[in-house]
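The shown structure was predicted, so the numbers you read here are calculated from the model rather than taken from an experiment. Heavy-atom basis, side chains included; hydrogens, waters and symmetry copies ignored.
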Amino acid sequence: MHDDGTDPVLAGYRPPSQLVLDKEIDHLDVHCRAFIGLSPFLTMSTADADGWPEVSPRGGDPGFVRVLDEHRLVLPDRQGNNRLDSLRRIAANPRLALLFFVPGVEETLKVFGTGELAPADALDVDLTEFGRPPRSLLVVTVQRAYLQCAKAVMRSGLWDPAARVDRGALPPFGVMIRDHCKLETPLPDDATIRAELALEL
């Protein structure tokens with residue numbers, strides 16, 4: 001640290017432009033709503049009472065996250081592995097961040113706010129998907145939102161078909177989990193695992 005308390009690494013960056021600062025808004029405007037309505041995938045960042053972070057993927061049909069009004073949205077929780085990592089953290093520390101993706105769109109949308117867990121029938125909104133109602137709801141009160149520029153997705157080639165990785169580049173999922181858990185008996189092959197997962201969507 002410098003004598004004035006600044007980090008020398010951070011000091012090497014140029015200051016953000018006024019446009020970058022001004023793009024942050026305190027509500028979901030028409031563009032945020034449109035982006036969320038097209039998004040089938042997001043990552044959700046939470047932290048426990050001690051500040052230890054966790055990030056979790058969430059997905060569904062485009063628009064699976066429903067905007068209730070310009071300051072609230074609802075995220076249905078589906079059948080998962082029942083670790084409930086994110087939900088337990090939100091119960092202890094309601095602050096969260098969401099990063100929305102739209103396939104083919106290189107920009108992303110960041111939403112920051114607080115979350116409150118609610119029963120599946122708490123809102124008069126039909127959130128049935130894949131023939132099933134959600135297990136519970138996460139109602140998010142939005143405090144900040146802004147569109148993130150395309151640089152990270154451009155660098156990654158995320159939506160470029162030529163950049164897709166052949167699944168054979170990694171061992172089968174069942175093999176990796178077997179090794180992580182130090183199991184002596186093999187798990188089912190990936191086709192069987194995926195078929196079982198499809199029954200719980």
Side-chain angles (χ1 to χ4, degrees), residues 36 38-66 73-106 108-111 115-122 126-140 152-153 155-201:
I36 293 169
L38 292 172
S39 176
F41 179 78
L42 63 85
T43 58
M44 178 166 64
S45 176
T46 58
D48 64 19
D50 295 324
W52 286 103
E54 193 259 353
V55 64
S56 179
R58 293 288 189 271
D61 287 332
F64 75 101
V65 174
R66 202 73 59 86
L73 56 79
V74 58
L75 175 61
D77 192 67
R78 307 289 176 191
Q79 178 69 38
N81 58 21
N82 290 319
R83 284 178 56 114
L84 306 181
D85 292 323
S86 298
L87 301 187
R88 293 184 195 282
R89 281 170 167 75
I90 289 167
N93 177 358
R95 294 176 179 171
L96 56 79
L98 307 174
L99 180 64
F100 290 90
F101 293 81
V102 175
V105 175
E106 293 181 319
T108 53
L109 173 67
K110 290 182 177 181
V111 175
E116 180 180 0
L117 305 180
D121 59 358
D126 183 9
L127 294 169
T128 301
E129 196 174 31
F130 307 109
R132 294 184 177 89
R135 299 294 302 275
S136 66
L137 305 178
L138 174 60
V139 181
V140 176
V153 174
R155 290 180 183 123
S156 70
L158 184 62
W159 306 129
D160 182 357
R164 292 193 62 164
V165 175
D166 186 280
R167 183 61 186 83
L170 290 169
F173 180 71
V175 170
M176 292 190 284
I177 295 298
R178 182 200 65 196
D179 292 347
H180 283 179
C181 299
K182 297 180 170 51
L183 301 177
E184 294 183 2
T185 57
L187 292 173
D189 61 36
D190 277 11
T192 300
I193 291 174
R194 286 184 61 82
E196 291 173 352
L197 292 174
L199 296 175
E200 296 187 344
L201 293 179

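- The minimum heavy-atom distance linking Pro103 with Pro40 is given by the pair CD-CD, 3.4 Å.
- Shown here for Glu54 and Ser86, the closest heavy-atom pair between the two residues is OE1-OG, 2.8 Å.
- Between Phe100 and Leu38 the shortest side-chain heavy-atom distance does not fall below 4.5 Å.
- Under the salt bridge (Lys or Arg N to Asp or Glu O under 4.0 Å) criterion, no residue pair touches residues 87-101, with sequence neighbours excluded.
- Relative ring orientation between Phe101 and Phe41 is described as tilted, the plane-to-plane angle lying within the 30° to 60° band.
- Heavy atoms from other residues, nucleotides or ligands lying under 6.0 Å from CZ of Arg167 number more than 12.
- For the atom pair NZ (Lys110) and OG1 (Thr43), the distance works out to 9.5 Å, reported to the nearest 0.5 Å.
- Within the 4.5 Å cutoff, the side chain of Val74 has no heavy atoms near those of the Leu138 side chain.
- Under the 3.5 Å distance criterion, the side-chain polar atoms of Arg58 are left unmatched by any main-chain donor or acceptor of Leu98.
- Ala120 and Leu137 get closest at one heavy-atom pair: O-CD1, 3.7 Å.
- For Arg66 (side chain) and Asp126 (main-chain N/O), a donor-acceptor pair under 3.5 Å exists by modelled atom type.
- Leu75 and Met44 get closest at one heavy-atom pair: CD2-SD, 3.9 Å.
- Leu127 approaches Phe64 most closely through the heavy-atom pair CD2-O, 4.5 Å.
- Within the 4.5 Å cutoff, no side-chain heavy atoms of Pro134 are placed close to those of Asp77.
- In this structure, the separation between OG on Ser56 and CG on Asp85 is 7.5 Å, given to the nearest 0.5 Å.
- For the atom pair Ile90 CD1 and Asp48 CG, the distance stands at 12.0 Å (nearest 0.5 Å).
- Rounded to the nearest 0.5 angstrom, Leu201 CG and Arg132 CZ are separated by 7.5 Å.
- The number of heavy atoms from other shown groups lying within 6.0 Å of CZ (Phe173) does not exceed 12.
- The backbone N or O of Gly174 lies less than 3.5 Å from a partner atom in the side chain of Asp190, making a donor-acceptor pair.
- In terms of heavy-atom proximity, Asn82 sits nearest to Gln79 at ND2-NE2, 3.7 Å.
- Between Asp179 atom CG and Leu187 atom CG the span is 9.5 Å, to the nearest 0.5 Å.
- Annotation: side chain of Ser136 is in contact with side chain of Leu87 (closest heavy-atom distance under 4.5 Å).
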